[in-house]
Undergrad: 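Quick one: the structure is below, questions incoming.
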Amino acid sequence: MKKWLVFLLILIPTVGLFYFGLGRDPRLLPSALVAKQAPDFTLKKLEDGTEVTLRGLSGKPLVLNFWATWCGPCAAEHQIIRELVKEYGKTNLQFYSVLYEDTPENARDFIRRYGAGAPILLDPGLHTSIDYGVSGVPETFFINASGKIVYKQAGMLTPDVVQEQLQALGVTSP
Amino acid sequence: MKYKVTLGILLAMIACLLLAACGELKETPDARVERLGKLIRCPVCRGVPIGDSPSELSKQMMTMVNEQVAAGKSDDEILFYFEQRYGEWALLDPKPEGMNLLIWVLPLCFALGGAGFIVAYVRKGKERQD
């Protein structure tokens, strides 16, 4: 009887640990920033060098995508972003892509080859990327009109995720 | 004689404590940056602190630590900055609270359980021999 008890005392916590460890979706990486106010930023546009600040974008929902030209999933995601910008361009949704660990030359070359998506912002010292807790690309933050982060997608965007999160932001397709 | 030895040991201990305290006070900004760099986990590596990581992101994080040290921020403020952004996961020395307490409590439980098991096993063996 005692042996069974000892066996169960070892087995139950072990199975529990495996269940919680393996049962989680690795794409759903917890973000410490979700449900918090998005960190402010001041970044220059690749296109013309004009400054863009989060404060200047407040009042409208924002999708902030971190990407790089050397990142395979970012290239695959590019088409989704292009369609998104095209479809929602006339709504109040704002969309910006922040270049992560990459050069403006590479970004310009990428646009020449694959077409422009969202306006690109430069983050040379990675200050904004670190402020947003970015640990790899692509990562996308959905920020509501009052500047709160409502969702973070770690990894490639999918049309389903985009639809779901835009609905949560109150953005409807025109 | 015994009194002199005790006094000598006490003085030596006080001297060591004073030296340790002086060492703490004399920590240079570079040494502080280096120490803090060992306490923050590199987000793109496996269990490596940002101070030891060659990744670009870690290098930039070290630059930010440097800037914050230069700006006069405390250790807690600097660690809190990274914790707020990357979560508690970013701290290589987790706080002893909540589920983290298991890290301290579980080894003690296992040690006590193991000791209890050995004592019970030895006693049983003795009883059988008797």
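Only this structure's heavy atoms are used, side chains among them; waters, hydrogens and symmetry mates stay out. Letters A, B, ... mirror the listed sequences (proteins, then strands); counts begin at 1.
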Undergrad: More than 12 non-hydrogen atoms from neighbouring residues, nucleotides or ligands closer than 6.0 Å to CD on E47(A), yes or no?
TA: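 Open: at most 12 neighbouring heavy atoms sit under 6.0 Å from CD of E47(A).
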Undergrad: What's the spacing between T63(B) OG1 and I130(A) CD1 if we round to 0.5 Å?
TA: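 Here the interatomic distance stands at 7.5 Å.
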Undergrad: So, E101(A) side chain and L57(B) main chain: donor-acceptor pair closer than 3.5 Å or not?
TA: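 Yes, E101(A) side chain to L57(B) backbone: donor-acceptor pair under 3.5 Å.
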Undergrad: Is there a path from F110(A) to F95(A) through hydrophobic residues (I, L, V, M, F, W, Y) whose side chains come within less than 4.5 Å of each other?
TA: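 In one cluster: no.
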Undergrad: Are V48(B) and I40(B) in one and the same hydrophobic cluster, where Ile, Leu, Val, Met, Phe, Trp and Tyr link if side-chain heavy atoms are under 4.5 Å apart?
TA: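 Different clusters.
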Undergrad: Is atom NZ of K36(A) surrounded by more than 12 heavy atoms (other residues, nucleotides or ligands) closer than 6.0 Å?
TA: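 Counting other residues, nucleotides and ligands, NZ of K36(A) exceeds 12 neighbours.
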Undergrad: Is a donor on one side and an acceptor on the other found under 3.5 Å between the side chain of Y86(B) and the backbone of V134(A)?
TA: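 Checked: pair present.
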Undergrad: Can you say whether E88(B) sits under 4.5 Å from chain A via the side chain, the backbone, both, or neither, judging by heavy atoms?
TA: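 For E88(B), no heavy atom lies under 4.5 Å from chain A.
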Undergrad: Take a 6.0 Å sphere around CZ of R55(A) and say whether it holds more than 12 heavy atoms from other residues, nucleotides or ligands.
TA: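 No, the 6.0 Å shell around CZ holds no more than 12 heavy atoms from other groups.
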Undergrad: What pair of heavy atoms forms the shortest contact from Q84(B) to A32(A), and how long is it?
TA: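 Of all heavy-atom pairs spanning Q84(B) and A32(A), the closest is O-CB, 3.2 Å.
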Undergrad: Check for a donor-acceptor pair, side chain of R85(B) on one end and backbone N or O of D131(A) on the other, with a separation under 3.5 Å.
TA: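 Side chain of R85(B) to backbone of D131(A): a pair is present.
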Undergrad: Please look at M61(B) and chain A and tell me whether the side chain, the backbone, both or neither of the residue comes under 4.5 angstrom of a heavy atom of that chain.
TA: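 It is both, since atoms from each part get that close.
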Undergrad: Is the number of heavy atoms from other residues, nucleotides or ligands under 6.0 Å of D93(B) CG greater than 12?
TA: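 Count not over threshold, so no.
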